[in-house]
Amino acid sequence: MTDHAAMEGAGHAGHPRAPALDDTLALLREGYTFIGRRCDELGTDLFATRLMMTPVLCMRGAEAARMFYAPGRFTRQGAMPRTTLWLLQDKGSVQALDGAAHRHRKAMFMAMMSPGAIAGAADLLEKHWREALPRWEAAGEVALFEEMGLLLTRVACDWAGVPLREEDAPTLAAELTAMIEYSGRVGPGTLNALRLRARTERRMRALVREIRAGAVPVPEGSAAALIAAHRAPDGTPLDEKAAAVELINILRPTVAVGRFIAFAALALHENPAGGPASPRERRTAWSPSYRRCGASIPSSR
């Protein structure tokens, strides 16, 4: 998100400044650690710099988080590089909307977040995990991160009501994983990820069309059913492309959780005594704290 007034004020007196004329290369090199390192070096939680010669303010901490979540302060328009937007959200998605349009679309997503639906997602994760265990045990050694992509694709489709044939699961998992992996990159891999994204969107558009025509039954109240039935504030159906984009916006973030799982497994392996002592602690303390240490999406490279 961008706050144009804040950006224009980035060069004003009173803000500590990073010493470099432009920090674009440093951000690319350091990724998620860039802001924290500069704050530590400057002894502040806020500093001014330039990225691609554009004045920006970088900040951290609770006060900064509260400012970012204040309604009406920021616009999502132009906040993401285009390839990142196309791979992660795409045009017309809830994250590309502002104001009343954003709130109306967000309400559709919140309707999916009942306690029963959330518990159902956890149950599906446990079900698919237990089904995978015999194969993992027989293999003796597995690449957990890679396994999570396929497992979470199945979980996401089951939960969202998206039909998925077993033979199609690896293809969809590869497409969703590429959207995440290449969202912060530039080069041939990004172009291939965009091609895979377009293929996924074509299939999801066809699915939305079939759901609306009654040709494909989906569970009542599922994400697929709610998205296909959603109407804009003026009462018109959500256009087919936007509906497909929002369906992907259910599947892809679920697959991105695989990074948290892999990093959490690594943390427990490296520090077994520091893990959660009970299921309650996992829910209330350890997991939320760990999310601040592990990234769900790669930084730019």
Side-chain angles (χ1 to χ4, degrees), residues 87-88 112 116-183 189 192-193 195-197 199-204 206-207 216-219 222-224 247-283 286-288 290-291 293-298:
L87 283 173
L88 292 186
M112 308 172 193
I118 294 171
D123 291 342
L124 284 169
L125 175 59
E126 181 176 354
K127 170 182 175 289
H128 283 280
W129 193 289
R130 291 188 181 279
E131 289 175 354
L133 277 177
R135 178 171 56 82
W136 294 347
E137 290 171 347
E141 182 177 297
V142 297
L144 183 61
F145 176 67
E146 295 175 6
E147 291 288 337
M148 285 301 98
L150 187 56
L151 187 148
L152 289 171
T153 296
R154 295 187 178 111
V155 170
C157 287
D158 279 359
W159 184 83
V162 173
L164 180 66
R165 298 182 303 178
E166 183 58 32
E167 60 267 30
D168 294 334
T171 298
L172 180 58
E175 292 167 354
L176 297 170
T177 299
M179 296 176 204
I180 303 160
E181 183 66 25
Y182 289 94
S183 61
N192 185 55
R195 179 185 66 82
L196 295 176
R197 163 95 195 198
R199 188 170 71 184
T200 310
E201 284 195 19
R202 286 194 297 271
R203 289 205 306 276
M204 294 302 152
L207 175 60
V216 174
V218 293
S222 65
L247 199 47
I248 293 172
N249 283 340
I250 293 292
L251 306 181
R252 187 203 62 258
T254 305
V255 173
V257 174
R259 284 177 163 74
F260 282 137
I261 294 173
F263 286 139
L266 178 62
L268 289 171
H269 173 73
E270 293 178 341
N271 184 27
S278 67
R280 177 178 176 80
E281 185 181 345
R282 284 196 294 272
R283 293 191 301 271
W286 194 83
S287 295
Y290 180 74
R291 289 187 62 192
C293 302
S296 66
I297 191 166

Q. Hey, is R252 close enough to E175 for a salt bridge, meaning N to O under 4.0 Å?
A.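 No.
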To the nearest 0.5 Å, what is the distance between [atom1] on [X] and [atom2] on [Y]?
| X | Y | atom1 | atom2 | answer |
| --- | --- | --- | --- | --- |
| L144 | H269 | CG | NE2 | 12.0 Å |
| L196 | L172 | CG | CG | 10.5 Å |
| L176 | R197 | CG | CZ | 9.0 Å |
| R199 | M204 | CZ | CE | 11.5 Å |

Using a 4.5 Å cut-off on heavy atoms from C-beta on, say whether the side chain of [Y] contacts that of [X].
| X | Y | value |
| --- | --- | --- |
| L150 | R154 | yes |
| M148 | R259 | no |
| L125 | L152 | yes |

Looking only at heavy atoms, what is the nearest atom pair of [X] and [Y], with distance?
| X | Y | result |
| --- | --- | --- |
| G149 | A173 | O-CB, 3.8 Å |
| W159 | A223 | CZ3-CB, 4.2 Å |
| I248 | T200 | CD1-CG2, 3.9 Å |
| G258 | F145 | O-CD1, 4.2 Å |
| V155 | L124 | CG2-O, 3.9 Å |
| A193 | Y182 | CB-CB, 3.8 Å |

Q.
Main chain of W129, side chain of W136: is a donor-acceptor contact present, judged purely on distance under 3.5 Å?
A.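 Not confirmed, W136 side chain does not pair with W129 backbone.
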Q) Is E146 atom CD crowded by more than 12 heavy atoms from other residues, nucleotides or ligands, each under 6.0 Å away? A)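 No, CD of E146 has 12 or fewer neighbouring heavy atoms, counting only those of other groups under 6.0 Å.
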Q. Would the number of heavy atoms belonging to other residues, nucleotides or ligands and lying under 6.0 Å from CZ of R135 be above 12?
A.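 Result for CZ/R135: enclosed.
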Q: Kindly indicate, with the supporting measurements, whether the criterion side chain to side chain contact (heavy atoms under 4.5 Å, CB included) is fulfilled by M179 and V255.
A: CA-CA 10 Å; M179 296 176 204; V255 173; over 6 Å; no
(Q) Between I250 and M112, is the side chain to side chain contact (heavy atoms under 4.5 Å, CB included) condition met? List the steps. (A) CA-CA 10 Å; I250 293 292; M112 308 172 193; 3.8 Å; yes
